[in-house]
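Below: one structure, written as structure tokens.
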Amino acid sequence: MHRLSIGELRQGLLKKEFTAVELTRVFLDRIEKNKHLNAFITVCADMALDAAKQSDCRIAEGRAEELEGIPLAIKDMFLTKGIRTTAGSKMLNNFIPPYESTVSGKLLEAGAVCLGKTNMDEFAMGSTNLTSYYGGVINPWSSEKKLVSGGSSGGSAAAVAMSLCAAATGSDTGGSVRQPAAFCGIVGLKPTYGRCSRYGMVAFASSLDQAGVMARSVRDAAIVLRVISGYDNRDSTSAKEVVPDFEASVGQSVRGLRVGVPREYRVDGMSEEIVRFWEKGAAFLRDAGAEIVEVSLPYTKYALPTYYVIAPSEASSNLARYDGVRYGFRANGISLNEMYENTRSDGFGEEVKRRILIGTYVLSAGYYGAYYIRALKVRKLIRQDFASAFQKVDILLVPTTPSSAFAIGEEPKDPVTMYLNDVFTVPASIAGLPGISVPIGLDEQQRPLGLQLITTHFNEELLIRVGSVLEEAACFPCLKDVV
Ligand code: GLN
């Protein structure tokens, strides 16, 4: 029963074919058997079984909520009351939050069972999950070589792909939901900035961070998205938008839709196979009645440098709170300054320190105008680029990543080459637009590849509609049929 969709699990529970406790045990068992993947930082078996017991009571009393008894995993970026939350960092190794994030709270209120907290790149900075203090995550698709799961939501992606949970949360600042989803052959949906509350989410870059869903199908992603969306007065950037029944968009016709293919997304060095799948994806949509239109997004090439100015700037400011005084890791020192210095030197990993240094430099008096302000101006141009494209088309179809997952140990060693991995995901993040990655096929080495759809603000219904048509046409193989 562990490979069933959320809808099927819901049916099974309501018809009492199995109990939530039985279901939870199956998933906990699978987590235990797949420990080597390192997908979880914390497994909360006892709490999960207790919650499942309560779900069984509610089901028996006819009071089942939308996700009653469905076992999910939560990225370790979301604060969970009473459950250790590390954000993949030594800095928060001992941190047990006194309150719950809005997103995880909404899932619990909807009756979901939290199986545990998934592994991630430290403070969500990375594209491999290798920057985690708790070690890298192994992509379950690997056969001979150990592949990265992608990042930063690599633990959630691997857990969903291997059916260690029915679905999981992720967070996406510049691609962290979509990129690992593509690498692990699952669906990753990043909603519009402001669709979900950021309250209780460990902050990386506040103007970009957004919660998202990792699931095995577009329908499952739609079901979870509805639960976690909505205005929250504890997050001033959450939007007062109506939350539609996203699931109703699954399988709706794409006839007459105009799908844009931006020529700037053909970059040097991208794999020929992803180009072929991109063309194939466009052909699927054309066959289903959509019109494919070439469009231009001329500022695309500035998206990556813009992101790598804005995100580290916000990170350097957000991460200033980890000073060893209030909570988290603390190192000794003979003076206050030395304690700060030792705490931040020992508590943060290399990538996080690199970003703090970049951000602090960029925000410093002499450079603020030259880098930060200029990046904000380019951000506006990128937004306008999308806005003019969306006057001609309804939705854009692009690759999610320039390549499939690389082997652990064979990842690019210099940070700038690594940052190139985000080339197709950061533009939508910079513009605050919603995007979804749908698995499209396997390359010659049997590694998953994904295509990404991007549309206008708060139009996730269209992503789901087109994504489900693409999913159906792609017939992506199930992991168990391949590995
Ligand atoms: N890989 C990108 C980065 O390292 C995106 C991370 C994210 O979306 N959290 O910043």
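Start at 1 and go down the list; that is how both ligands and their atoms are numbered.
Atoms CD1 and CZ, from Ile430 and Phe386 in turn, are 8.5 Å apart once rounded to the nearest 0.5 Å.
A salt bridge does not link Glu461 with Arg465: none of the charged nitrogens is closer than 4.0 Å to a carboxylate oxygen. Between Arg178 and Asp172 there is a salt bridge, since a side-chain N of the basic residue sits under 4.0 Å from a carboxylate O of the acidic one. Residues Glu247 and Arg226 are not paired through a salt bridge, judged by the lack of any N-O separation under 4.0 Å between the basic side chain and the carboxylate. A salt bridge is defined here as a Lys NZ or Arg NE, NH1 or NH2 lying under 4.0 Å from an Asp or Glu carboxylate O, and Arg198 with Asp235 meets this definition.
For the pair Gly151 and ligand 1, the shortest N or O to N or O distance does not fall below 3.5 Å. Annotation: Met125 places no N or O atom under 3.5 Å from an N or O atom of ligand 1; distance criterion only. Distances between N or O atoms of Ser127 and those of ligand 1 include at least one value under 3.5 Å. Between Phe204 and ligand 1, no N or O atom pair is found at a separation short of 3.5 Å.
Closest to atom 7 (C) of ligand 1 among all protein heavy atoms lies Ser176 OG, 2.4 Å.
When the options Asp422, Asp121, Leu304 are ranked by their closest heavy atom to atom 2 (C) of ligand 1, first place goes to Asp422. For atom 5 (C) of ligand 1, the nearest non-hydrogen atom from the set Tyr307, Phe123, Tyr419 belongs to Tyr307.
Each of the atoms 8 (O) of ligand 1 lies under 4.0 Å from some heavy atom of Gly175. Of all atoms in ligand 1, listed by their number and element, those nearer than 4.0 Å to a heavy atom of Ala124 are 6 (C), 7 (C), 9 (N). Near Gly174, with a cut-off below 4.0 Å to any heavy atom, the atoms of ligand 1 are 5 (C), 7 (C), 8 (O).
Cation-pi geometry between Lys240 and Tyr231 is met: the NZ or CZ atom falls under 6.0 Å from the ring centre, inside 45° of the normal.
The shortest heavy-atom distance from Tyr308 to ligand 1 is under 4.0 Å. Ligand 1 has at least one atom lying under 4.0 Å from a heavy atom of Ser152. Contact between Met418 and ligand 1 is absent, with no heavy atom of the residue lying under 4.0 Å from the ligand.
Screening Leu72, Val177, Ile74 for a side-chain contact (heavy atoms from CB on, under 4.5 Å) with Thr169, the sole residue that qualifies is Ile74.
Relative ring orientation between Tyr265 and Phe424 is described as parallel, the plane-to-plane angle staying below 30° on a 0-90° scale split at 30° and 60°.
By the criterion of a heavy-atom distance under 4.0 Å, neither the backbone nor the side chain of Met120 is placed next to ligand 1.
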Can you list the steps and then say if Phe183 with Phe406 is a side chain to side chain contact (heavy atoms under 4.5 Å, CB included)? CA-CA 9 Å; Phe183 277 12; Phe406 24 84; 4.2 Å; yes
